[in-house]
Amino acid sequence: MSSDSVILLETVNFAAEKHRNQRRKDAEQTPYITHPIGVARILSHEGGITDIEVLQAALLHDTVEDTDTSIGELQIVFGQTVARLVQEVTDDKALSKEETKRKQVEYAPHASHQAKLVKLADKLYNLRDINRSTPTGWSAERVQEYFVWAAQVVRGLRGTNLALERHLEELFKQRGVEL
Ligand SMILES: Nc1nc2c(ncn2[C@@H]2O[C@H](COP(=O)(O)OP(=O)(O)O)[C@@H](OP(=O)(O)OP(=O)(O)O)[C@H]2O)c(=O)[nH]1
């Protein structure tokens, strides 16, 4: 096995252990780990990304936001670059929901190229997931608001990966949302 394969297996195992008790918000309560794995797969399979640190950051991108994982722990286990990328895509939980959403829009154009890739794939996964199965309790209005907000974030990420951006453009077009 190549060393990259070993590293990716270590990373996916770490993420799976951390998210082991979490579920998505869909009616089926899908295990949460399907999301980070799906984000990494979008990057490799659809975005053509082979940069292992980007793929690792995708697998780990919700560990600090949603589990007991710290950036320091990621630094020790996976190194500075991966930890920094996860930090870049982690929301500040101390802020209100509105402020968190505003910060994502504000920060997107200033993120590193690697972090922008993770963010694009994250948004693409979540928008497809909403189309597949509306999260429990979400009204049609809330879904539309999520698309409108996601478009504002994606606007700041443009010029990063043509394939992913084309897929996103199509999803926004289907909802009548301007990118
Ligand atoms: N579409 C979808 N999303 C789900 C599901 N389960 C959990 N989520 C997460 O919920 C978030 C969207 O819900 P919101 O109500 O906007 O945010 P909240 O998590 O802060 O309540 C998304 O992350 P986010 O913080 O808004 O954005 P991101 O930065 O993680 O992309 C997404 O990862 C699901 O079944 N479907």
Side-chain angles (χ1 to χ4, degrees), residues 12 15-16 18-43 46-47 49 54-69 71 74 82 84-158 160-161 164-165 167-172 174-175 177 179:
V12 78
K18 292 291 189 173
H19 291 294
R20 72 185 313 148
N21 295 318
Q22 292 172 334
R23 297 284 180 275
R24 297 285 285 171
K25 295 174 184 168
D26 56 356
E28 302 92 329
Q29 298 193 305
T30 303
Y32 197 85
I33 190 62
T34 54
H35 170 61
I37 292 175
V39 172
R41 185 179 184 268
I42 285 174
L43 284 165
E46 301 182 56
I49 302 302
V54 171
L55 300 177
Q56 286 182 277
L59 289 169
L60 298 168
H61 79 275
D62 275 333
T63 55
V64 174
E65 202 170 295
D66 296 334
T67 79
D68 63 1
T69 312
I71 292 294
L74 294 183
V82 172
R84 198 240 319 139
L85 292 176
V86 174
Q87 172 105 69
E88 277 195 79
V89 299
T90 296
D91 291 335
D92 182 350
K93 287 289 210 186
L95 301 176
S96 68
K97 198 163 164 163
E98 291 69 36
E99 188 69 357
T100 302
K101 296 215 171 262
R102 199 186 59 74
K103 285 259 179 200
Q104 279 206 31
V105 176
E106 191 182 274
Y107 183 66
H110 308 291
S112 66
H113 178 77
Q114 288 173 307
K116 281 180 178 172
L117 283 168
V118 175
K119 215 63 206 156
L120 275 175
D122 188 19
K123 287 286 174 277
L124 182 53
Y125 184 102
N126 280 335
L127 295 174
R128 282 176 173 164
D129 212 20
I130 290 176
N131 284 344
R132 179 190 64 82
S133 170
T134 309
T136 309
W138 284 35
S139 63
E141 193 188 10
R142 183 160 176 194
V143 167
Q144 189 67 14
E145 277 169 12
Y146 189 89
F147 271 80
V148 169
W149 166 73
Q152 289 170 11
V153 178
V154 169
R155 212 171 287 147
L157 303 170
R158 278 187 302 196
T160 303
N161 184 282
L164 301 189
E165 287 164 51
H167 287 305
L168 282 158
E169 263 165 35
E170 186 53 36
L171 292 180
F172 291 127
Q174 286 165 9
R175 295 272 175 179
V177 174
L179 187 60

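Ligands are counted one by one from 1 in listed order, and the atoms in each one are counted from 1 as well. The first residue in the sequence is number 1, and the count goes up from there.
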*Asks:* Give one line per pair: atom of ligand 1, protein atom, distance. Only N/O to N/O under 3.5 Å.
*Replies:*
from	atom 1	to	atom 2	distance (Å)
ligand 1	1 (N)	Asn126	O	3.1
ligand 1	3 (N)	Arg24	NH2	3.3
ligand 1	6 (N)	Lys25	N	2.8
ligand 1	8 (N)	Arg24	NH1	3.4
ligand 1	10 (O)	Lys25	NZ	3.0
ligand 1	13 (O)	Lys25	NZ	2.9
ligand 1	15 (O)	Lys97	NZ	2.8
ligand 1	15 (O)	Arg142	NH2	2.3
ligand 1	16 (O)	Lys101	NZ	2.8
ligand 1	19 (O)	Lys25	NZ	2.9
ligand 1	21 (O)	Lys25	NZ	3.3
ligand 1	21 (O)	Lys97	NZ	2.9
ligand 1	26 (O)	Tyr146	OH	3.3
ligand 1	29 (O)	Gln104	NE2	3.1
ligand 1	29 (O)	Lys119	NZ	3.0
ligand 1	29 (O)	Asp122	OD2	3.4
ligand 1	29 (O)	Lys123	NZ	3.2
ligand 1	30 (O)	Asp122	OD2	3.3
ligand 1	31 (O)	Asp122	OD1	3.4
ligand 1	31 (O)	Asp122	OD2	2.9
ligand 1	31 (O)	Lys123	NZ	2.9
ligand 1	31 (O)	Asn126	ND2	2.9
ligand 1	33 (O)	Arg24	NH1	3.3
ligand 1	33 (O)	Asn126	OD1	3.4
ligand 1	33 (O)	Asn126	ND2	3.2
ligand 1	35 (O)	Lys25	N	3.1
ligand 1	35 (O)	Asp26	N	3.2
ligand 1	36 (N)	Asp129	OD2	3.4

*Asks:* Do other residues, nucleotides or ligands put more than 12 heavy atoms under 6.0 Å from Arg41 CZ?
*Replies:*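 Counting neighbours around CZ of Arg41, 12 or fewer heavy atoms of other residues, nucleotides or ligands fall under 6.0 Å, so no.
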*Asks:* Who are the side-chain contact (heavy atoms from CB on, under 4.5 Å) partners of Val143, not counting sequence neighbours?
*Replies:*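 Once residues adjacent in sequence are excluded, the partners of Val143 under the side-chain contact (heavy atoms from CB on, under 4.5 Å) criterion are Ile130, Thr134, Trp138, Phe147, Arg175.
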*Asks:* Are there over 12 heavy-atom neighbours, none belonging to Glu28, within less than 6.0 Å of that residue's CD?
*Replies:*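 More than 12 within 6.0 Å, yes.
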*Asks:* Tell me, do Asp26 and Thr136 make a side-chain contact under 4.5 Å, heavy atoms counted?
*Replies:*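 Side chain of Asp26 against side chain of Thr136, heavy atoms only: no contact under 4.5 Å found.
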*Asks:* Is it true that His35 and His19 have ring centroids separated by less than 6.0 Å?
*Replies:*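 Judged by ring-centre distance (under 6.0 Å), His35 and His19 do not meet the cut-off.
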*Asks:* So Gln152 and Arg155, do their side chains get closer than 4.5 Å, heavy atoms only?
*Replies:*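 When only atoms from C-beta onward are counted, Gln152 and Arg155 do touch, with a gap below 4.5 Å.
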